[in-house]
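Report on the structure given below.
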Amino acid sequence: MITEFLLSRHEKKTLVVVALILLAAILVPLANLLAPEGSLLHVPDHLVPLMGKYLCYALLALALDLVWGYCGILSLGHGAFFALGGYAMGMYLMRQIGPRGVYANPLLPDFMVFLNWKELPWYWTGFNHFWFAALMVLLVPGLLAFVFGWFAFRSRVTGVYLSIITQAMTYALLLAFFRNEMGFGGNNGLTDFKDILGANIQAPETRATLFAMTALLLALSLILSSSIVRSKYGKVLIGVRDAESRTRFLGYRVENMKLFIFTVSAMMAGIAGALYVPQVGIINPGEFAPANSIEVVIWTAVGGRGTLIGPIIGAILVNFGKTIFTAAFPEFWLFALGALFIATTLFLPKGIVGTVMQGSKARAERQKAVAAEKGRTAAQPSQGGAAHETQAAE
């Protein structure tokens, strides 16, 4: 049943993007590990985690598009789910350091030894196992989203008010994780990772594998998202987005539908955060900053919300531009980002992909109208000739 759901008919453009992502999952590691240095085909070691980071951001933008583009929930707190997934993976990576830390403590991470902690907090228990950390990557963001959504959606909080409280949620977590007493490294966060599943996290082979896994999970998430939005449930979600009161009047439990998609989206964001941390090498409370969640909204808007592939393209393009721009004019990046969002709102309200799709649809309709007009024109002489022949016979 699940296989049938995932393999249901998808749009051609979605399948093309999935194929391109899977192709990148194969070609980039091969070009990095097998192509000789100096060759045009060689991908340098430092570019592999950078491109992996772009794909993590693309997965985060895709998660936001599910709730914003298809359900009308403008969440300004998705950075919180991303960061929680990252911390879950970071805790596993910290437990793998063991006695190789600065203080050579086999149980406590270095920051706990520095702060004179005597024992490992109970909530760190189990994070020495990868399977447990992977489970927490899904459960912690999902549980937070479920509890938050349960109260918010049943209280019928919508629009700008919902956006504000999602932003308040992520800011509250930012303040909490900054405190050393929380046991998550305070301002410095978690870093100095050594191994993941027994492999050196800095090794080119490990980084190439992490990139491939990120691309694979992005492709699977795109297929899952496409299956959701093209199902009957997805059609009702669009109804909730466009006319929530009418959808509720028809008998649908709108709050339950919102709660499900919001929880799924949060879990996808947690996966993105978990993939991000081993490739970047650090996770700190700065990832909870409300500005980060706002950036995700900009990526989605630039690419085209409500298109699935638009946010992926938007996240990659904007972050590639950020890499170039901040290297040349770091102090002006925020102004450029704000100008980009304003320009997108004024001139490309449907985003890059949405505008292209709209243009393609309009062109197809024009071609159809022209073909119909030609058909009518061709039919008229035939009808006139038949009438003339009838008159001549009489």
Side-chain angles (χ1 to χ4, degrees), residues 2-3 5-63 65 82 85-86 89 93 130 134 137-138 193 195-227 268-281 299 303 307-321 323-324 352-353:
I2 296 177
T3 305
F5 174 73
L6 293 176
L7 297 180
S8 59
R9 186 177 179 183
H10 300 279
E11 292 183 340
K12 183 178 179 181
K13 61 179 180 293
T14 301
L15 297 177
V16 170
V17 173
V18 169
L20 290 175
I21 294 172
L22 294 177
L23 189 63
I26 297 172
L27 294 183
V28 171
L30 290 179
N32 172 247
L33 299 175
L34 300 182
E37 293 187 16
S39 170
L40 292 176
L41 299 177
H42 179 69
V43 176
D45 290 344
H46 71 279
L47 286 183
V48 176
L50 180 63
M51 290 188 290
K53 182 175 75 170
Y54 292 164
L55 294 186
C56 292
Y57 288 153
L59 179 53
L60 176 58
L62 175 63
D65 192 40
F82 178 84
M89 180 56 66
L93 295 173
F130 181 82
V137 165
L138 295 173
F193 308 132
D195 297 334
I196 180 169
L197 291 174
N200 182 1
I201 203 168
Q202 300 295 334
E205 295 81 5
T206 305
R207 292 189 170 189
T209 302
L210 287 169
F211 173 86
M213 287 301 303
T214 304
L216 177 61
L217 287 173
L218 175 59
L220 291 175
S221 298
L222 180 55
I223 292 175
L224 174 63
S225 301
S226 178
S227 299
M268 287 174 57
I271 293 172
L275 293 166
Y276 170 86
V277 169
Q279 296 182 85
V280 175
W299 306 339
T307 62
L308 291 183
I309 62 175
I312 295 175
I313 295 174
I316 294 174
L317 288 180
V318 173
N319 281 285
F320 176 74
T323 300
I324 302 298
I352 297 172
V353 174

> Hey, are the side chains of His46 and Leu50 touching, using non-hydrogen atoms and a 4.5 Å cut-off?
Replying inline: no
> Is any side-chain heavy atom of Val48 closer than 4.5 Å to a side-chain heavy atom of Pro204?
Replying inline: no
> Measuring from Ile201:CD1 to Leu93:CG, what's the distance to the nearest 0.5 Å?
Replying inline: 5.0 Å
>> Looking at every non-hydrogen atom in both residues, tell me the closest pair between Ser221 and Met268 and how far apart they are.
In response: CB-CE, 3.9 Å
> For the residue pair Val137 and Gly270, what are the closest heavy atoms and their distance?
Replying inline: CG1-O, 3.4 Å
> Can you name the residues that form a ring pair (Phe, Tyr, Trp, His ring centres under 6.0 Å) with Phe320, not counting sequence neighbours?
Replying inline: none
>> Nearest 0.5 angstrom please: Thr307 OG1 to Ile312 CD1, how far?
In response: 8.5 Å
>> Can you confirm whether Leu210 sits close enough to Ile196 that some side-chain heavy atom of one is under 4.5 Å from a side-chain heavy atom of the other?
In response: yes
> Hey, what do you get for CG (Leu15) to CG (Leu222), rounding to the nearest 0.5 Å?
Replying inline: 9.0 Å
> Is there any salt bridge (charged side-chain N to carboxylate O under 4.0 Å, His left out) pair reaching into residues 13-34, and which pairs are they, with sequence neighbours excluded?
Replying inline: Glu11-Lys13
> If every non-hydrogen atom of Leu308 is compared with every non-hydrogen atom of Asp65, which pair is closest and at what distance?
Replying inline: N-OD2, 3.0 Å
>> Minimum heavy-atom separation for Gly310 and Val353, please, with both atom names.
In response: CA-CG2, 3.5 Å
> Got a second to check how far Leu41's CG is from Leu27's CG, nearest 0.5 Å?
Replying inline: 10.0 Å
> What residues, two or more places apart in sequence or in another chain, satisfy ring pair (Phe, Tyr, Trp, His ring centres under 6.0 Å) together with Tyr57?
Replying inline: Tyr276, Trp299
>> Looking at every non-hydrogen atom in both residues, tell me the closest pair between Thr214 and Gly52 and how far apart they are.
In response: CG2-O, 3.8 Å
>> Measuring only between side-chain heavy atoms, which start at C-beta, is Leu30 closer than 4.5 Å to Val43?
In response: no
> Can you name the side-chain hydrogen bond (donor to acceptor under 3.5 Å, both in side chains) partners of Asn319, sequence neighbours left out?
Replying inline: none
> Can you tell if the side chain of Phe211 reaches within under 4.5 Å of the side chain of Pro29, non-hydrogen atoms only?
Replying inline: yes
> Applying side-chain hydrogen bond (donor to acceptor under 3.5 Å, both in side chains), which residue pairs with at least one partner in residues 27-42 are found, sequence neighbours left out?
Replying inline: Asn32-Asp45
>> Quick one, Leu62 with Ser225, criterion side chain to side chain contact (heavy atoms under 4.5 Å, CB included). Give me CA distance, side-chain angles, the key distance, then yes/no.
In response: CA-CA 8 Å; Leu62 175 63; Ser225 301; 4.0 Å; yes
> Could you give the distance from CG (Leu33) to OG1 (Thr209), rounded to the nearest 0.5 Å?
Replying inline: 7.5 Å
>> Under the salt bridge (charged side-chain N to carboxylate O under 4.0 Å, His left out) definition, can you give me all pairs with a residue in residues 195-217, not counting sequence neighbours?
In response: Arg100-Asp195
> Got a second to check how far Ile21's CD1 is from Leu218's CG, nearest 0.5 Å?
Replying inline: 4.0 Å
> What are the two closest heavy atoms between Ala25 and Ala212, and how far apart are they?
Replying inline: O-CB, 3.6 Å
>> Using side chain to side chain contact (heavy atoms under 4.5 Å, CB included), reason through Ile352 and Leu317 one step at a time and then give a plain yes or no.
In response: CA-CA 11 Å; Ile352 297 172; Leu317 288 180; 3.9 Å; yes
> Okay, side chain of Thr206, backbone of Asn200: is any donor-acceptor separation there less than 3.5 Å?
Replying inline: yes
> Under 4.5 Å between any side-chain heavy atoms of Ile223 and Ser227, yes or no?
Replying inline: yes
